[in-house]
Amino acid sequence: MEEGVTFHELIENEFELPGRDLFSYPVLSLAFVGDNVYDLVVRTVLLSEGNCKVNLIHKAKSNLVKAETQAWIAEYLLSKELLTDEEKDYYRRGKNAKTANHAKNADIADYHKATGLETVMGYLYVTNQEERAVKLCKLGIKAFRSEVE
């Protein structure tokens, strides 16, 4: 990968994708991609923590990516004033977005908070702020793990 090129830029360049104005992305589309950004961070962290059976990694991953955990992380980031004003705006827009359904095993309030967090991750990804996305994930995951352990 070229020095100074983000993963998102690499994909755009390799596939010759047209640049898009951030405001042309529907908020739930940002959450759609942000869910995968968060998931990839979690999978990368868990993979690097040790060589263990994939079903154990999957169980640990499921605990960190479920709506309840994402909602906790979102509340933590907000309570500690760790989000910028723009990130707070994207969180609010994602949290308040009208969704057709929600996760079977999630409280509706947690589901909306998780969607807000995913929207922030999607916004950071499409604006090539992947370092910031990883930093927020790190702060949230570390705090969550400290809380439950």
Side-chain angles (χ1 to χ4, degrees), residues 1 4-13 15 17-49 54 56-149:
M1 192 158 58
V5 175
T6 68
F7 189 53
H8 181 254
E9 290 170 324
L10 177 64
I11 294 168
E12 284 183 325
N13 294 341
F15 284 87
L17 302 176
R20 291 192 58 185
D21 176 32
L22 180 61
F23 295 103
S24 69
Y25 289 100
V27 69
L28 291 178
S29 293
L30 293 174
F32 173 76
V33 76
D35 177 45
N36 287 287
V37 171
Y38 178 79
D39 188 81
L40 182 59
V41 171
V42 168
R43 286 172 186 251
T44 302
V45 169
L46 293 174
L47 185 64
S48 71
E49 287 180 346
V54 73
L56 295 175
I57 295 172
H58 176 74
K59 186 175 179 180
K61 186 229 29 144
S62 296
N63 185 51
L64 288 172
V65 300
K66 66 184 179 182
E68 181 183 354
T69 302
Q70 288 184 1
W72 189 96
I73 288 171
E75 288 293 325
Y76 172 81
L77 295 173
L78 288 165
S79 71
K80 299 295 183 184
E81 299 282 329
L82 297 170
L83 298 180
T84 67
D85 288 342
E86 196 161 23
E87 291 162 352
K88 287 179 196 172
D89 183 53
Y90 277 94
Y91 171 78
R92 181 190 51 74
R93 288 176 56 207
K95 180 177 161 249
N96 295 334
K98 301 294 182 224
T99 57
N101 50 24
H102 67 81
K104 294 175 266 183
N105 300 322
D107 172 272
I108 191 71
D110 284 348
Y111 180 77
H112 285 291
K113 290 173 189 174
T115 302
L117 179 66
E118 292 166 354
T119 302
V120 171
M121 293 296 127
Y123 154 73
L124 293 171
Y125 175 75
V126 301
T127 57
N128 302 310
Q129 298 182 67
E130 294 159 346
E131 188 175 336
R132 175 72 176 154
V134 170
K135 181 71 167 179
L136 290 175
C137 288
K138 178 183 176 183
L139 292 168
I141 291 167
K142 282 182 78 170
F144 176 77
R145 283 177 154 179
S146 293
E147 181 74 17
V148 298
E149 291 177 353

Residue pair R145, L64: steps toward the side-chain contact (heavy atoms from CB on, under 4.5 Å) verdict:
CA-CA 9 Å; R145 283 177 154 179; L64 288 172; 4.1 Å; yes
side-chain contact (heavy atoms from CB on, under 4.5 Å) evaluation trace for Q129 with T6:
CA-CA 8 Å; Q129 298 182 67; T6 68; over 6 Å; no
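A donor-acceptor pair is defined here as one N or O able to donate and one able to accept, closer than 3.5 Å; no such pair exists between the side chain of E118 and the backbone of G34. Formation of a donor-acceptor pair under 3.5 Å by the E130 side chain with backbone atoms of F7 is found in this model. Under a 3.5 Å cut-off, the side chain of T69 and the backbone N or O of N63 do form a donor-acceptor pair.
Taking the six-membered ring where the residue is Trp, F144 and W72 present perpendicular rings, their angle passing 60° and hence far from 30°.
Between I57 atom CD1 and E49 atom CD the span is 9.5 Å, to the nearest 0.5 Å. Put simply, NZ on K88 and CD on E81 are 4.0 Å apart, with the number rounded to the nearest 0.5 Å. A distance of 12.0 Å separates CG of N105 from CG of D110, quoted to the nearest 0.5 Å. In this structure, N36 CG and M121 CE are separated by 13.0 Å, a value rounded to the nearest 0.5 Å. If you take OG1 on T127 and CD on E87, they are separated by 8.5 Å, rounding to the nearest 0.5 Å. Within the model, atoms CG of D85 and OH of Y90 stand 13.0 Å from one another, a figure rounded to the nearest 0.5 Å.
Looking at heavy atoms from C-beta onward, D35 lies out of side-chain contact with V65 at the 4.5 angstrom threshold. Residues V37 and L124 have side chains not in contact (no heavy-atom distance under 4.5 Å, counting atoms from C-beta outward). Between Y91 and L77 the shortest side-chain heavy-atom distance does not fall below 4.5 Å. Contact of the Y38 side chain with the V120 side chain is not registered, since no non-hydrogen atoms from C-beta on lie closer than 4.5 Å. In this structure the side chain of D107 never reaches within 4.5 angstrom of the side chain of E68, judged on heavy atoms. Residues I11 and H8 are not in side-chain contact: their nearest non-hydrogen atoms beyond the backbone lie 4.5 Å or more apart. Side chains of L30 and Y125 form no contact here, defined as non-hydrogen atoms less than 4.5 Å apart. Annotation: side chain of D39 is in contact with side chain of K61 (closest heavy-atom distance under 4.5 Å).
Pairing each heavy atom of G94 with each of T115, the nearest pair is O-CG2, 3.4 Å. Of all non-hydrogen atoms in A114 and Q70, the two that sit nearest each other are CB-OE1, 3.3 Å. Considering all non-hydrogen atoms of both residues, V41 and C137 come closest at CG1-CB, 3.7 Å.
The side chain to side chain contact (heavy atoms under 4.5 Å, CB included) test with I73 singles out one residue from L78, L117, L136, and that residue is L117. Among K113, K80, K95, the one residue that satisfies the salt bridge (Lys or Arg N to Asp or Glu O under 4.0 Å) test with E75 is K113.
Between E86 and R132 there is no salt bridge, since no side-chain N of the basic residue sits under 4.0 Å from a carboxylate O of the acidic one.
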